[in-house]
Amino acid sequence: MNLEQLQQQFGISNLVGFAEGRGGMTRVGLAHASGARAEIYLHGAHITSWQTAREREVLFMSCASHFQEGTPIRGGIPVIFPQFGDGPLPKHGLVRARAWTVVRTAQGADGAVKITLRLEDDAQTRALWPHPFCLQLTVSLGPALTIEFTVKNPGSAPFPFQAALHTYFQVADITQTSLFGLQGTAFEDFLHPGPAVETRAVIMFDRETDRIYVNAPDRVVLDDRGNKRKIAIAKSDMNAIVVWNPWIEKSKRLEDFGDDEYRHMVCIETSHMRAPAVLAPGAQWSGRTTLTCENG
Ligand code: TA6
C-alpha cells in the first residue's frame with residue numbers, strides 16, 4: 001500500500017498522518033490533543049520518537065542509526081521476537097527489520113490516538129523458524145505511551161518464544177541517572193554469568209551494564225535528573241526487565257552508535273522470557289507496557 005492509500009484508508013485528520021521518513025521508509029505520525037507526539041516506522045513497527053506534551057523527546061535515537069530495509073534502527077523501541085539476544089536465529093529475532101502492515105487506526109473514547117500494526121510469518125521467516133505466527137503491536141498515545149504486544153499461534157504445534165520491547169530512553173547524563181524498583185529481584189548478568197539478586201534500591205550507572213531481571217516488578221522508575229524528569233515504566237503480563245548501557249568500549253564496537261552516545265541513553269526493556277513461554281496451537285499471549293513521563 002502506498003502513502004496515498006495508507007493516508008486514505010488509515011489517516012485521521014490532525015491525529016494520524018503517513019509520510020515518507022528517513023531512508024524513504026514509511027513513517028506514521030500520531031498527535032494527541034495534549035501536544036504529545038509519536039512517530040512509528042512500519043519498518044519493524046519501530047517507534048522512533050515519543051515527545052511529551054511539552055515537546056520533550058523521551059526516546060533515544062542514535063545519530064549513526066541506519067534507516068534501510070533489512071537493517072534494525074538503533075534507538076527508539078525495537079520489537080524483539082521470537083528470540084532475545086544471541087541464539088540460533090539472527091540476534092534479537094526475526095521481526096525488528098521487517099515491513100509490518102497497518103491493521104487499524106482510531107481515536108479512543110479517552111482521546112488516545114491508536115494504531116495497530118501486524119506481521120505474519122512468510123517463506124523467509126519459516127526458512128529460519130518453522131512456525132506460523134501473527135504479531136500485533138498496538139501503540140496508544142495519550143498522556144502516556146502504551147504499547148500492547150500480542151503473539152498468536154495460528155499453527156498446529158506449540159512454539160517457544162521470547163518477546164521484548166527494547167526501549168532506548170534518552171537521558172541528559174547517564175551519571176546523573178538512576179533506576180528504582182528492582183531491589184530484591186533475581187537477575188542474570190550477561191557480563192558476569194551466574195544467578196544473583198539485586199541488593200541496590202537505587203541502581204546507578206558507571207560501567208557497561210547488561211542484565212535481565214527475571215520475575216521483575218511491574219513498575220520501575222528511571223530518574224533522569226539531568227532533565228529534571230522521571231519516567232515510569234509499567235508492564236503487565238511481561239515477566240522480565242533487561243537493563244543495558246554499552247558504556248565506553250562496547251559503544252566503540254557498535255558501528256551504528258556514536259562512541260559517546262552511551263552518556264545519553266539507557267535501555268529499560270520490558271520483556272517476556274525465561275519463564276517457559278510456550279504458546280499452544282490457537283493460543284495467544286499479550287503483554288502491555290505503559291511509559292509515563294513525570295514532569296516531562
Ligand atoms: O539489550 C541487551 C542486548 O542484548 C545487549 O547485549 C546489546 O547487544 C543490545 O541488546 C543491542 O543489541 P543489538 O543487536 O541491537 O546491537
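In listed order, ligands and their atoms are each counted from 1.
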> Does one side chain, of Y168 or R74, offer a donor that lies under 3.5 Å from an acceptor on the other?
Replying inline: yes
> Any chance the rings of F190 and W244 have centres within less than 6.0 Å?
Replying inline: no
> In ligand 1, which numbered atoms sit nearer than 4.0 Å to a non-hydrogen atom of K250?
Replying inline: 6 (O), 7 (C), 8 (O)
> Taking everything shown except E55 itself, do over 12 heavy atoms lie less than 6.0 Å from its CD?
Replying inline: no
>> Quiz question: by atom type and distance under 3.5 Å, do the side chains of H272 and N239 form a donor-acceptor pair?
In response: yes
> So which protein heavy atom does atom 13 (P) of ligand 1 come closest to, and at what separation?
Replying inline: R74 NH1, 3.6 Å
>> Counting only heavy atoms not in Q8 (residues, nucleotides, ligands), do more than 12 fall under 6.0 Å from its CD?
In response: no
> Which residue supplies the protein heavy atom nearest to atom 10 (O) of ligand 1, what is that atom called, and how far is it?
Replying inline: H92 NE2, 2.9 Å
>> Under 6.0 Å between ring centres: does that hold for F133 and F81?
In response: yes
>> As a check for students: among R96, K91, E269, identify the option with a heavy atom nearest to atom 15 (O) of ligand 1.
In response: R96
> Can you tell me the protein heavy atom closest to atom 6 (O) of ligand 1 and the distance?
Replying inline: D210 OD2, 2.6 Å
> Quick one: does W244 get an N or O within less than 3.5 Å of an N or O on ligand 1?
Replying inline: no
> Which residue and non-hydrogen atom of the protein lie closest to atom 9 (C) of ligand 1, and at what distance in Å?
Replying inline: H166 NE2, 3.6 Å
